[in-house]
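Data first, discussion second: the structure below is written as structure tokens.
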Amino acid sequence: MNKIEHIGIAVNDIKVSGSLYEKLLNTPVYKVEEVASEGVKTAFLQCGLNKIELLEASDDNSPIAKFIAKKGEGIHHIAFEVDDIVFEMKRLKDEGFVLLSDEPKLGADNKLVCFVHPKSAGGVLVELCQEASPRPSPKEREL
Ligand code: ZN
């Protein structure tokens, strides 16, 4: 694993928390993105080599809604950057870690992601993420 790519923080309102973290880190939110499949709205701030990802539930069944109902706002997950997510998923599975999906999924920020169950990772929800290949432009597809 290369580095901590980002830390995910569950919040009630990404606008309110976005301005809080802008003040805290003295840097602007540079991207806001909804991941409908996961029921979350995300906002990203850069902090040196790493990022902070704020997560707001976009519906009541969202894992973020459940997390906040149980624990309140706060650190939700730690994401590690990997070069080959399929390889790392197999490696972790062989080591006995429980993965939340069998295949990598497309997450926020153009990343392929997979989560490791906190029960198998010392109480921490761990995310693996790999930069997804850029989508070919229509022009490139013709070639
Ligand atoms: Zn994340």
Side-chain angles (χ1 to χ4, degrees), residues 1-138 140-141:
M1 302 207 189
N2 298 339
K3 64 171 185 184
I4 293 176
E5 213 280 335
H6 64 267
I7 293 178
I9 299 176
V11 301
N12 285 317
D13 183 325
I14 52 170
K15 282 204 186 105
V16 171
S17 296
S19 39
L20 176 79
Y21 278 87
E22 284 181 337
K23 280 182 222 157
L24 183 73
L25 301 173
N26 196 24
T27 188
V29 167
Y30 68 89
K31 186 196 275 191
V32 174
E33 188 183 349
E34 182 157 2
V35 185
S37 59
E38 299 289 320
V40 293
K41 278 186 238 166
T42 63
F44 287 89
L45 300 101
Q46 189 75 41
C47 179
L49 292 174
N50 314 107
K51 294 169 193 159
I52 296 292
E53 175 186 39
L54 303 176
L55 303 139
E56 176 193 324
S58 56
D59 66 70
D60 292 344
N61 293 322
S62 163
I64 297 301
K66 287 174 192 152
F67 178 89
I68 289 182
K70 223 168 152 186
K71 299 187 176 177
E73 291 183 300
I75 294 181
H76 178 258
H77 65 268
I78 299 182
F80 295 96
E81 180 188 86
V82 298
D83 292 327
D84 183 343
I85 194 166
V86 173
F87 172 85
E88 288 294 339
M89 285 171 70
K90 182 174 184 326
R91 186 182 70 80
L92 292 177
K93 223 172 177 178
D94 291 347
E95 293 281 4
F97 290 92
V98 178
L99 306 181
L100 295 188
S101 62
D102 292 329
E103 302 277 338
K105 293 187 190 175
L106 191 59
D109 202 24
N110 193 39
K111 297 277 194 294
L112 290 172
V113 303
C114 174
F115 287 91
V116 181
H117 199 294
K119 276 187 187 148
S120 69
V124 177
L125 178 60
V126 170
E127 175 184 348
L128 307 178
C129 63
Q130 177 194 332
E131 195 71 38
S133 330
R135 283 178 215 105
S137 69
E140 281 170 328
R141 250 180 267 144

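Here, residue 1 is the first one in the sequence, and each next residue gets the next number. Both ligands and their constituent atoms are indexed starting at 1 by order of listing.
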Is the shortest heavy-atom distance from the side chain of Leu125 to the side chain of His76 under 4.5 Å?
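In contact.
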
Do Gln130 and Pro104 have side chains that approach each other closer than 4.5 Å (heavy atoms only, starting at C-beta)?
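No, too far: nothing below the 4.5 Å cut-off.
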
Between Asn110 (side chain) and Ala132 (backbone), is there a donor-acceptor pair under 3.5 Å?
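Flag set: sc Asn110 to bb Ala132 pair under 3.5 Å.
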
Side-chain donor/acceptor of Lys41 to backbone N/O of Ile14, under 3.5 Å
no

Has [X] got an N, O or S atom lying less than 2.8 Å from the Zn ion (ligand 1)?
X	answer
Glu5	no
His77	yes
His6	yes

Specify which N/O/S atom of Glu53 comes nearest to the Zn ion (ligand 1), by atom name.
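Of all N, O or S atoms in Glu53, the Zn ion (ligand 1) lies closest to OE1.
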
Among the N, O or S atoms of Glu127, the one nearest the Zn ion (ligand 1)
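Among the N, O or S atoms of Glu127, the one closest to the Zn ion (ligand 1) is OE1.
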
So does Asp109 pair up with Lys111, basic N to acidic O under 4.0 Å?
yes

